[in-house]
Trainee: 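I have a structure I would like to understand better, so I am pasting it below and will then ask my questions one at a time.
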Amino acid sequence: MHRTQHLAQVTVKRRRGESGSALIPVLALIMACSMIVTAVIGISQLNTYTMAAHTKQQRSQYICEGAANRIQWLVAAERTKHPNVSYQNFDYGDTEYERFLPDGVEHTMDYHGIQVKFRITDAAAGLDFSRQQRNTTLNRLRMNSATDTEYQDVIEKLRDQINDYTDSNDVVSGEAWEKGEYEEHNQTPLPRNANFQYREELFYLPEFMELFPPDKNGRLSAIRVIPPDSMMTIQTTVRNNRGGTTTRRTNLFANSPNLFGAPDLYLKRVFNLEDSELAEIREGIRLYQKEKVKLSDAIDSTLFQKIRNSSYLMWTPGNAYTVEVEPYAGEEKMPSKRLVFTWTGVNQLKPSNNIIRYLEWMFY
């Protein structure tokens, strides 16, 4: 009897010990599961934030595309109603409705409840470094620099770099680079040894960015886009004096930039301007774009006369426009995308063959 009771007590104690030993792995399993659940919740929250930002960026992209289509209609209406405009005497105060010119003025629109900002500029506003015009551009940049030999050397060095980048031989011109020099600077397989295919290739030239740095958005906005040679002319349909239409082919770009897109270096060298005169022109452009003051009133009359009677500036809208579109969030900080696009044929009654030709379409 006593032996039986003793064995029963020993068995109970053993079972209690075994139960205590089993509790430790159970607790460890519970802790591991808790850690996994916590990690999953953290990852889920992170994905939620990431997906929210991605969704907002996608939404802003769709908004930009939709607004771009509406802007093209606004430009078509502007060109149809006002086919002949000269910035030399244009006055925003002459019309009571909003005008849509390629002059860099900032506009806003309500696009399905979203405020959108956009700027229209002329695609020919900047300098031309295409195959047909780059030497003309470089020659103009050398104007009025007879006594500045150091600056002349910089321009000629840039000319050599462009020539060596685009020619088909491996002969180094002056201080330019050919295949060996690009290899030394880890820029294989440059150079192209053919014409530029796009404007941003100018970034590869060592001297270029010193003369023409990118704007605040990282774009070479002071330089025109460089389309293929096959797109350098455009078929346009215009009204004639008898009420009919005439079809003709014209150059896509004018030979000269306009006042709004010409960089400081161009204005200073071509018109031999002092720093104070250049500053006054820039202030006049600001007054025009921000406060809609006529250029002839915003710039000193003598200085304005100096630049207006010159073939080195284009004073009328061209055949291609560039638009920068940005959804406006006001004080709210939110991730979004901006769109910049360039299209041709803005002065046509309708797109040639019902096709709109884009030279640029980029989100950033």
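Keep in mind that the numbers below use all heavy atoms, side chains included, and drop hydrogens, waters and symmetry copies.
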Trainee: Just by distance, do the side chain of D164 and the backbone of A176 share a donor-acceptor pair under 3.5 Å?
Mentor: no
Trainee: Between Q152 (side chain) and S145 (backbone), is there a donor-acceptor pair under 3.5 Å?
Mentor: yes
Trainee: Would a distance-only check, ignoring hydrogens and angles, find a side-chain to backbone donor-acceptor pair under 3.5 Å from T342 to A123?
Mentor: no
Trainee: Counting C-beta onward and ignoring hydrogens, is there a side-chain heavy-atom pair between Y92 and D103 closer than 4.5 Å?
Mentor: yes
Trainee: Determine, using the 4.5 Å side-chain heavy-atom cutoff (strictly less than), whether W315 and L273 are members of one ILVMFWY cluster.
Mentor: yes
Trainee: Show the nearest heavy-atom pair for residues E280 and D300, with the distance to one decimal.
Mentor: OE2-CB, 2.7 Å
Trainee: Relative to each other, are the rings of H107 and F100 parallel, tilted or perpendicular (30° and 60° limits)?
Mentor: tilted
Trainee: Under the salt bridge (Lys or Arg N to Asp or Glu O under 4.0 Å) rule, what pairs show up with a residue in residues 115-124, not counting sequence neighbours?
Mentor: R119-E324
Trainee: Between C64 and P327, which heavy-atom pair has the shortest distance, and what is it?
Mentor: SG-CD, 3.5 Å
Trainee: Return yes when atom OH of Y62 has more than 12 non-hydrogen atoms of other residues, nucleotides or ligands closer than 6.0 Å, and no otherwise.
Mentor: no
Trainee: State whether the side chain of T316 and the backbone N or O of V85 hold a donor-acceptor pair below 3.5 Å, judged by distance alone.
Mentor: no
Trainee: For D167, enumerate each residue passing the salt bridge (charged side-chain N to carboxylate O under 4.0 Å, His left out) test, keeping only those at least two apart in sequence or located in another chain.
Mentor: none
Trainee: Can you confirm whether the side chains of E360 and Y198 place a donor and an acceptor under 3.5 Å from each other?
Mentor: no
Trainee: Let me confirm one number: the CD-CD distance from E106 to E326, rounded to the nearest 0.5 Å.
Mentor: 8.0 Å
Trainee: Quick check against the 3.5 Å criterion: does N144 have a side-chain atom that pairs as donor or acceptor with the backbone of V270?
Mentor: yes
Trainee: Taking everything shown except E175 itself, do over 12 heavy atoms lie less than 6.0 Å from its CD?
Mentor: no
Trainee: How many angstroms lie between atom CD of E183 and atom CD of Q187, to the nearest 0.5 angstrom?
Mentor: 11.5 Å
Trainee: Rounded to the nearest 0.5 Å, how far apart are OH of Y288 and CG of D297?
Mentor: 12.5 Å
Trainee: Okay, side chain of T137, backbone of D128: is any donor-acceptor separation there less than 3.5 Å?
Mentor: yes
Trainee: Check this for me: Y312, atom OH, are more than 12 non-hydrogen atoms of other residues, nucleotides or ligands nearer than 6.0 Å?
Mentor: no
Trainee: Run the salt bridge (charged side-chain N to carboxylate O under 4.0 Å, His left out) check on D91 and K292 step by step: do they pass?
Mentor: CA-CA 8 Å; D91 187 355; K292 308 295 180 61; over 6 Å; no
Trainee: On a heavy-atom basis, which atom in Y151 and which in L141 lie closest, and how many Å separate them?
Mentor: OH-O, 2.6 Å
Trainee: Under 4.5 Å between side-chain heavy atoms, counting indirect links through other Ile/Leu/Val/Met/Phe/Trp/Tyr residues: same cluster for L220 and L265 or not?
Mentor: yes
Trainee: F363 vs R338, test: side chain to side chain contact (heavy atoms under 4.5 Å, CB included). Steps then yes/no.
Mentor: CA-CA 6 Å; F363 286 98; R338 289 165 288 183; over 6 Å; no
Trainee: Side chain to side chain contact (heavy atoms under 4.5 Å, CB included) between R308 and L259: does it pass, once the steps are laid out?
Mentor: CA-CA 9 Å; R308 71 176 294 176; L259 181 63; over 6 Å; no
Trainee: Taking all non-hydrogen atoms of both residues into account, name the closest pair between A254 and R224 and its distance.
Mentor: O-NH1, 2.6 Å
Trainee: Between S173 and E178, is there a side-chain heavy-atom distance shorter than 4.5 Å?
Mentor: no
Trainee: Quick one: does F196's side chain get under 4.5 Å of R131's, heavy atoms only?
Mentor: no
Trainee: Rounded to the nearest 0.5 Å, what separates atom CZ in R99 from atom NZ in K81?
Mentor: 9.0 Å
Trainee: Does the gap between the ring centers of F271 and Y266 come in under 6.0 Å?
Mentor: no
Trainee: Evaluate the criterion side chain to side chain contact (heavy atoms under 4.5 Å, CB included) for residue pair T108 and V116; output intermediate values, then yes/no.
Mentor: CA-CA 5 Å; T108 60; V116 175; over 6 Å; no
Trainee: Dump the intermediate steps for side-chain hydrogen bond (donor to acceptor under 3.5 Å, both in side chains) on N193 and S168, then the final yes or no.
Mentor: CA-CA 5 Å; N193 289 332; S168 58; over 6 Å; no
Trainee: So, do E201 and L190 sit near enough that their side-chain heavy atoms are less than 4.5 Å apart?
Mentor: no
Trainee: Can you label the angle between the F208 ring and the F212 ring as parallel, tilted or perpendicular, going by 30° and 60°?
Mentor: tilted
Trainee: So, the side chain of N319 versus the backbone of T344: is there a donor-acceptor pair under 3.5 Å, distance only?
Mentor: no
Trainee: Side chains of P191 and Y204, heavy atoms from C-beta outward: is any pair under 4.5 Å?
Mentor: no
Trainee: Are R159 and N139 packed together at the side-chain level, in the sense that at least one heavy-atom pair is separated by less than 4.5 angstrom?
Mentor: yes
Trainee: Answer yes or no: does atom NZ of K179 have more than 12 heavy-atom neighbours from other residues, nucleotides or ligands under 6.0 Å?
Mentor: no
Trainee: Check L313 against A262 and note the closest heavy-atom contact, atom names and distance.
Mentor: CD2-CB, 4.3 Å
Trainee: Taking atom OH of Y182 as the centre, does the number of heavy atoms from other residues, nucleotides or ligands within less than 6.0 Å exceed 12?
Mentor: yes
Trainee: Is S60 close to K337 at the side-chain level, that is, under 4.5 Å between some pair of heavy atoms?
Mentor: yes
Trainee: Please answer: with hydrophobic residues joined when any side-chain heavy atoms are less than 4.5 Å apart, are V346 and V325 in the same cluster?
Mentor: yes
Trainee: Do V340 and W361 sit in the same hydrophobic cluster, where Ile, Leu, Val, Met, Phe, Trp and Tyr count as joined when their side-chain heavy atoms come under 4.5 Å apart?
Mentor: no
Trainee: Are I63 and V323 co-members of a hydrophobic cluster defined by side-chain heavy atoms under 4.5 Å apart?
Mentor: yes
Trainee: First locate atom CG of N69, then atom CG of L74, and finally report the distance between them rounded to the nearest 0.5 Å.
Mentor: 10.0 Å
Trainee: List the atom of R134, the atom of T166, and the distance in Å for their closest heavy-atom pair.
Mentor: NH2-OG1, 3.4 Å
Trainee: From T136 OG1 over to F129 CZ, what is the distance, rounded to the nearest 0.5 angstrom?
Mentor: 11.0 Å
Trainee: Taking the six-membered ring for Trp and the single ring otherwise, decide whether the centroids of F341 and Y321 are under 6.0 Å apart.
Mentor: no
Trainee: Looking only at atom types and distance, does a side-chain atom of E210 sit under 3.5 Å from a main-chain N or O of E207, one as donor and one as acceptor?
Mentor: no
Trainee: Take F90 and K294 through the test side chain to side chain contact (heavy atoms under 4.5 Å, CB included) and record every step on the way to the result.
Mentor: CA-CA 7 Å; F90 176 74; K294 286 179 62 175; over 6 Å; no
Trainee: Would you say I120 and L101 make side-chain contact, with heavy atoms under 4.5 Å?
Mentor: no
Trainee: Looking at E156 and R142, is there a salt bridge between them, counting it only when a charged N and a carboxylate O are closer than 4.0 Å?
Mentor: yes
